[in-house]
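Just so it is clear, the structure is predicted and the values come from calculations on it, not from any experiment. A, B, ... follow the sequence lines: proteins, then strands. Residue 1 opens every chain.
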Number of protein chains: 2
Amino acid sequence: MPEITRGADRPPGTRYGNRPTMKDVAARAGVGLKTVSRVVNGEPGVTPDTERRVQEAIDALGFRRNDSARVLRKGRTASIGLVLEDLADPFYGPLSRAVEEVARAHGALLINGSSAEDPEREQELALALCARRVDGLVVIPAGSDHRYLEPEIRAGVATVFVDRPAGRIDADVVLSDNYGGARDGVAHLIAHGHRRIGFIGDMPRIHTAAERLRGYQAAMADADIPVAEHWMSLGATSPERVRREAEAMLCDRDPVTAVFTGNNRVTVTVIRVLAEHSRQVALVGFDDIELADLLQPGVTVVAQDAAALGRTAAERLFRQLDGTLVTPERIELPTRLITRGSGELSPAG
Amino acid sequence: MPEITRGADRPPGTRYGNRPTMKDVAARAGVGLKTVSRVVNGEPGVTPDTERRVQEAIDALGFRRNDSARVLRKGRTASIGLVLEDLADPFYGPLSRAVEEVARAHGALLINGSSAEDPEREQELALALCARRVDGLVVIPAGSDHRYLEPEIRAGVATVFVDRPAGRIDADVVLSDNYGGARDGVAHLIAHGHRRIGFIGDMPRIHTAAERLRGYQAAMADADIPVAEHWMSLGATSPERVRREAEAMLCDRDPVTAVFTGNNRVTVTVIRVLAEHSRQVALVGFDDIELADLLQPGVTVVAQDAAALGRTAAERLFRQLDGTLVTPERIELPTRLITRGSGELSPAG
DNA sequence: CTGAAAGCGCTTACAG
DNA sequence: CTGAAAGCGCTTACAG
């Protein structure tokens with residue numbers, strides 16, 4: 001096993017000082033710098049013999065082109081940034097993967113960052129990515145004011161917002177039909193005889209949460225059902241809060257017979273609460289969840305297509321970079337109601 | 001709304017050509033380049049008055065330092081790469097997030113890439129990241145020969161392998177105790193009276209799959225239970241194959257009374273098969289899965305701590321970069337048996 | 001077919 | 001306290 005030299009053994013600040021450069025390759029092959037560049041980049045105009053000599057020098061020295069230097073000269077970095085809420089959330093995994101696949105198809109790398117739903121952290125991250133001169137940015141907004149990105153967009157950073165709209169700037173946005181999905185989900189509960197329906201969602205400043213609540217309210221209004229204030233609860237999706245709210249709605253003097261949950265995290269907690277509850281309560285949740293079909297009853301959901309959101313956004317990003325796209329648009333992807341049992345329970349008593 | 005200039009309106013190849021540089025700021029503020037650099041980097045030795053003038057020029061021009069250029073001069077890029085199998089897999093989300101958090105604490109960005117379990121793609125990705133001169137690389141290996149990374153490691157790229165060991169090179173490795181976890185899980189089934197226990201796992205070339213099979217075999221041997229060849233199945237984790245194998249084991253003339261599943265994807269499919277099956281069959285799965293506690297029966301699992309794997313690996317990576325770490329080590333994190341019902345069923349008949 | 005010079009946007013090392 | 005020159009490792013534009 002060859003001794004592997006670690007950072008510690010090298011003079012500080014010269015991590016790559018011992019890396020061979022094109023200059024080293026040129027010297028060894030006895031050719032000019034530009035000729036090495038030609039060989040490395042597969043450009044034409046090099047005799048087979050010269051090419052062979054250069055290639056030998058490359059192999060002997062273990063040369064690998066420094067793309068950072070290349071980037072500085074070329075302008076484009078062939079990398080894009082993705083700012084999302086939390087990579088660990090099962091909703092963002094597929095979205096992120098979809099963005100990555102599109103990036104890969106365009107020869108670009110993907111830099112990921114989690115904002116943890118903190119607007120300041122979102123901004124810090126997005127601007128750090130711009131400082132690295134990513135070619136484009138896919139942002140799932142945590143904040144509601146994105147004017148800080150205007151100079152970057154003007155300087156040529158392609159930008160697409162996903163899942164939630166951009167705040168106070170005109171930009172490409174790819175969303176799910178949150179309003180329509182929630183409205184359909186709640187209408188489904190109403191169609192099964194429910195009138196006392198609770199809504200538990202995420203913090204009201206999050207666009208998707210507000211839109212889904214609006215959908216709930218529209219469905220209730222369409223059916224002429226007056227909504228009690230305490231049937232609606234927006235706030236942090238921590239299990240503690242959701243549990244408290246769900247229990248309150250269920251044990252009220254005036255208990256709900258069905259609950260519509262505003263996202264996957266809320267749904268999971270409410271399922272737990274309902275499992276401990278004696279009376280059967282209907283449930284429809286926004287976002288699909290794994291194994292939803294195997295629970296008793298199966299969980300009826302309004303599913304959005306996370307991968308499609310990511311794919312659509314990334315494709316628009318690269319079309320911006322192509323110059324094919326000029327006018328910002330708002331794209332809305334449909335949701336899908338998947339019935340599995342929990343949403344088809346009729347009101348008890 | 002101000003007109004936003006898109007890529008299309010700019011001469012090709014000069015995306016950032018219109019970005020102000022330190023030189024522009026210097027000219028506008030009437031100072032030298034180095035003075036701008038001092039202000040931008042918060043270095044001492046600038047009069048308050050000069051600093052103010054420079055700051056004004058920065059704001060007026062909308063200057064943002066080009067970190068790509070900075071990196072070229074400084075040596076370190078303050079970015080690390082993570083090569084994993086699939087960002088969309090619920091196991092890798094938390095792992096990835098944990099790596100990101102550690103990177104963030106060290107002021108570094110994270111570039112993610114999915115190998116899709118393809119050794120060639122792993123290599124291509126890892127080398128592309130090296131060409132970008134990431135400071136370090138966290139790799140969840142798809143391949144079994146990582147000698148291609150030797151020149152990079154020698155050149156100073158910190159490297160840590162996670163989840164599976166490196167192949168044919170000496171490097172830091174952070175693993176779960178796959179062997180011990182599987183052995184304990186199978187021993188748990190044996191303790192509940194099972195002797196006919198099936199094992200369905202991932203492809204044998206994947207280290208974790210092989211180790212878990214070894215754990216299964218050890219537990220069976222410890223209990224003096226001879227293992228029939230057709231009780232063990234390693235292969236692709238596609239639902240089709242897993243379903244076929246599970247059904248074969250269950251409907252055999254000599255059916256198993258319990259199944260040990262080798263990872264989360266296999267577990268999910270086997271749960272589906274068992275749900276359709278008339279006879280109750282015990283199940284213990286490797287990897288925890290969401291909502292496992294809410295199924296009927298709850299799913300007993302051998303859980304690994306994905307976040308801890310990521311955190312541990314990333315921390316070692318930065319310790320390599322500090323120079324605090326010199327000798328490659330193999331770290332094994334414990335697994336945890338979580339009993340929820342399915343693993344405590346006794347053999348039927 | 002080949003290469004010397006200039007430059008990408010910064011930082012380093014040094015001199016005033 | 002301040003700045004001119006050189007250089008990081010490439011590519012571009014040009015000349016031979």
Next on the checklist: Output the rounded distance in Å from CZ (Arg52(B)) to C1' (dC1(D)).
Outcome noted: 16 Å
Checklist entry - Whole-Å distance between dG9(D) C1' and Asp24(A) CG? => result 10 Å
Checklist entry - dG9(C) P sits how many Å from Arg70(A) CZ, rounded? => result 17 Å
Item to check | Proximity to the side chain of Lys74(B) - top-ranked nucleotide from dT12(C), dT11(D), dC10(D) | outcome: dT12(C)
Item to check | Note: Lys34(B)-Glu43(B) ion pair, threshold 4.0 Å (strictly below) | outcome: yes
Checklist entry - Counting just side-chain N and O atoms, does Ser68(B) come under 4.0 Å of either OP1 or OP2 of dG9(C)? => result no
Item to check | Ser114(A) side chain to Leu87(A) backbone, donor-acceptor under 3.5 Å | outcome: yes
Item to check | dT11(D) OP1/OP2 closer than 4.0 Å to side-chain N/O of Ser37(A) | outcome: yes
Checklist entry - How many Å lie between CD on Glu51(B) and P on dC1(D), as a whole number? => result 11 Å
Checklist entry - Which value, rounded to the nearest 0.5 Å, describes the distance between Leu321(B) atom CG and Asp135(B) atom CG? => result 5.5 Å
Next on the checklist: The test is salt bridge (Lys or Arg N to Asp or Glu O under 4.0 Å); show your working for Arg53(B) and Asp49(B) and say whether it passes.
Outcome noted: CA-CA 6 Å; Arg53(B) 270 180 21 242; Asp49(B) 182 58; 3.7 Å; yes
Item to check | Protein-nucleotide distance (Asp67(B), atom CG; dG9(C), atom P), rounded to Å | outcome: 14 Å
Item to check | Pairing pattern in dot-bracket form [Watson-Crick, G-U; both distances under 3.5 Å; | = partner strand] for DNA chain C | outcome: |||.||||||||.|||
Checklist entry - If you measure from the Lys or Arg side-chain nitrogens to the Asp or Glu carboxylate oxygens, is any gap between Glu56(B) and Arg52(B) under 4.0 Å? => result yes
Checklist entry - Do the side chain of Arg133(A) and the main chain of Cys130(A) share a donor and acceptor less than 3.5 angstrom apart? => result yes
Item to check | Length of the line joining Arg76(A):CZ and dG9(C):P, which is rounded to integer Å | outcome: 16 Å
Item to check | Ion pair check, Arg97(A) and Glu101(A), cut-off under 4.0 Å | outcome: yes
Checklist entry - Just checking, any donor-acceptor pair under 3.5 angstrom between side chains of Ser96(B) and Asn112(A)? => result no
Checklist outcome for this item: Its contact letters, B for base, S for sugar-phosphate only and - for none at protein heavy atoms under 4.0 Å, make nucleotides 3-8 of chain D read BB-BBB
Checklist entry - Are the charged groups of Glu152(B) and Arg19(A) less than 4.0 angstrom apart, N to O? => result yes
Checklist entry - Asn41(B) near the nucleic acid: base, sugar-phosphate alone, or nothing, with a heavy-atom cut-off under 4.0 Å? => result sugar-phosphate
